[in-house]
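For the numbers below, each heavy atom of this structure counts, side chains included, while hydrogens, waters and symmetry mates do not.
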Amino acid sequence: AYAVRLLDAALYFWLPQINIILIRLVQGRNLRHRMVGRTVVIGDIPWVAQCAEAFLSKIFAVSYSIAGVNVLSGNPCDHLVHRHTHRVVRGALAIFGRPDGRLSALSTAEASVCLSVNQASSIQSLGGTCESITIGHNPSKLDLSKNGIFLERHRPLFLCEQLLIENDLDQDVSDETDDTVMENSSSRSLFGKLSEHLYFSDSSRHSGWGSNHGTHPIGISRIGAKDNILGNVKTKCRSAAALLGAYLNIEENETTETGGEGQDSVAGVVAEEISRRKWSSQVRRLFETLDANNDGTLTKDELIQG
């Protein structure tokens, strides 16, 4: 009788822990996570992290102590590692805003965020660590993170993305050419491959915009105009480190090249467009200076006087 009562008392005493284990089994969660109050760490730029911290902490302001959360925030590109990484325990929840490293201006920031996430997720105790989640546009999941939320792109490609695509196309053509030379040394076969690529590049470059290169809008180069406007171009999936290395390679190649910029490249289109707009602005200012009465037309007297 005493053994049954002792077992009943133990079951009653450990009932919360037993229920938590059952819930984790159903949800597929880690059984070794701590069963006390959770800590949520928000990593993003200061104003986003602070707003999210204030909002989440106010939501749980009236919760029971066992169901409450401790909310922390920091900037993963700055002080988050030094302030909060040593507080990582089993079951801590960490959510990070991940910059779109596909843009050259944000590639370094994304690499810093990924380094902070990996460093926090590397701290383990009894084989368990924090559950880290990243939110961003770059569809490259970190190996040490629990999950990654990837947002769809609804914008045109930026110039840096265009440069990256062109660099990938050039690399693919170079690899294709090397493979062709290795497989078949016939000059006719090699010429055919190159002719097909040049025809494809020219047809996609001038599709829908006429043959005059000066009429192209900025950013239209080797990919179709429609794909550029809608942002539907299939780009390579790269990690933060790979993107940073790719942009550094492009910058290094641009500085080491002895020849000028080709007109079929994005850099050439941008340079040409900037030059054209500067010339248009100078002509406009000259016209406004000569137009004394501001009627939008130049008379003979105004032209002679100017």
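- A chain of hydrophobic side-chain contacts below 4.5 Å, direct or via other Ile, Leu, Val, Met, Phe, Trp or Tyr residues, connects L11 to F13.
- By the side chain to side chain contact (heavy atoms under 4.5 Å, CB included) test, D8 is found to be paired with no residue, residues two or more places apart in sequence or in another chain being considered.
- Side-chain contact between H84 and T39: absent, with no pair of heavy atoms (C-beta onward) separated by less than 4.5 Å.
- In this structure, CG on L248 lies 7.0 Å from OG on S107, to the nearest 0.5 angstrom.
- For S121, the side chain to side chain donor-acceptor pair (under 3.5 Å) partners at least two apart in sequence or on another chain are S132.
- L80 belongs to a hydrophobic cluster whose other members, connected by ILVMFWY side-chain contacts under 4.5 Å either directly or through intermediates, are V41, L72, F96, V113, V117, L142.
- A donor-acceptor contact shorter than 3.5 Å links the side chain of R24 to the backbone of H33.
- For C114 against A240, the heavy-atom pair with the smallest separation is SG-CB, 3.7 Å.
- L163 is not listed as a side-chain neighbour of L159, based on a closest heavy-atom distance of 4.5 Å or more.
- Nearest approach of V88 to C130, heavy atoms of both residues: CG1-CB, 3.9 Å.
- Contact annotation: the side chain of I165 approaches that of L157 to within less than 4.5 Å [non-hydrogen atoms, C-beta and beyond].
- With sequence neighbours excluded, the residues that form a side chain to side chain donor-acceptor pair (under 3.5 Å) with R83 are H79.
- Both I20 and L25 belong to a single network of hydrophobic side chains, linked directly or stepwise wherever heavy atoms of I, L, V, M, F, W or Y lie under 4.5 Å apart.
- In terms of heavy atoms, G97 sits closest to D44 at CA-OD2, 3.3 Å.
- Inspection of the T297 and D295 side chains reveals an N or O donor paired with an N or O acceptor under 3.5 Å.
- L56 belongs to a hydrophobic cluster whose remaining members, ordered by chain and number, are V40, I42, F55, I59, F60, V69, V71, L93, I95, I133, I135, I149, L151; membership requires side-chain heavy atoms of ILVMFWY residues under 4.5 Å apart, directly or through intermediates.
- Residues forming a side chain to side chain contact (heavy atoms under 4.5 Å, CB included) with P16 (at least two apart in sequence, or on another chain): none.
- Atom-to-atom distance recorded for T129:OG1 and L144:CG is 8.5 Å, nearest 0.5 angstrom.
- Sorted by first and then second residue, the pairs that involve residues 111-131 and meet salt bridge (charged side-chain N to carboxylate O under 4.0 Å, His left out), not counting sequence neighbours, are R29-E131.
- The salt bridge (charged side-chain N to carboxylate O under 4.0 Å, His left out) check on R38 picks up nothing, with sequence neighbours excluded.
- Every side chain to side chain contact (heavy atoms under 4.5 Å, CB included) that Q17 has, sequence neighbours left out, goes to W14, M35.
- Minimum interatomic distance between P76 and G43 (heavy atoms only, all atoms of both residues): CD-C, 3.5 Å.
- Scanning all heavy atoms of the two residues, the minimum distance from A49 to S73 falls at O-CB, 3.6 Å.
- Sorted by first and then second residue, the salt bridge (charged side-chain N to carboxylate O under 4.0 Å, His left out) pairs involving residues 105-123 (not counting sequence neighbours) are R98-E110.
- Using a 4.5 Å cut-off on side-chain heavy atoms (C-beta onward), H137 and R155 make no contact.
- Each of L6 and I18 belongs to its own hydrophobic cluster when Ile, Leu, Val, Met, Phe, Trp and Tyr are linked at side-chain heavy-atom distances under 4.5 angstrom.
- Between the CD atom in E161 and the CG atom in D100 there is a gap of 6.5 Å [rounded to 0.5 Å].
- With sequence neighbours left out, Q119 forms a side chain to side chain contact (heavy atoms under 4.5 Å, CB included) with V81, T85.
- Under the 3.5 Å distance criterion, the side-chain polar atoms of N138 are left unmatched by any main-chain donor or acceptor of R102.
- Evaluation of the salt bridge (charged side-chain N to carboxylate O under 4.0 Å, His left out) test over residues 136-147, restricted to residues two or more places apart or in two chains, returns none.
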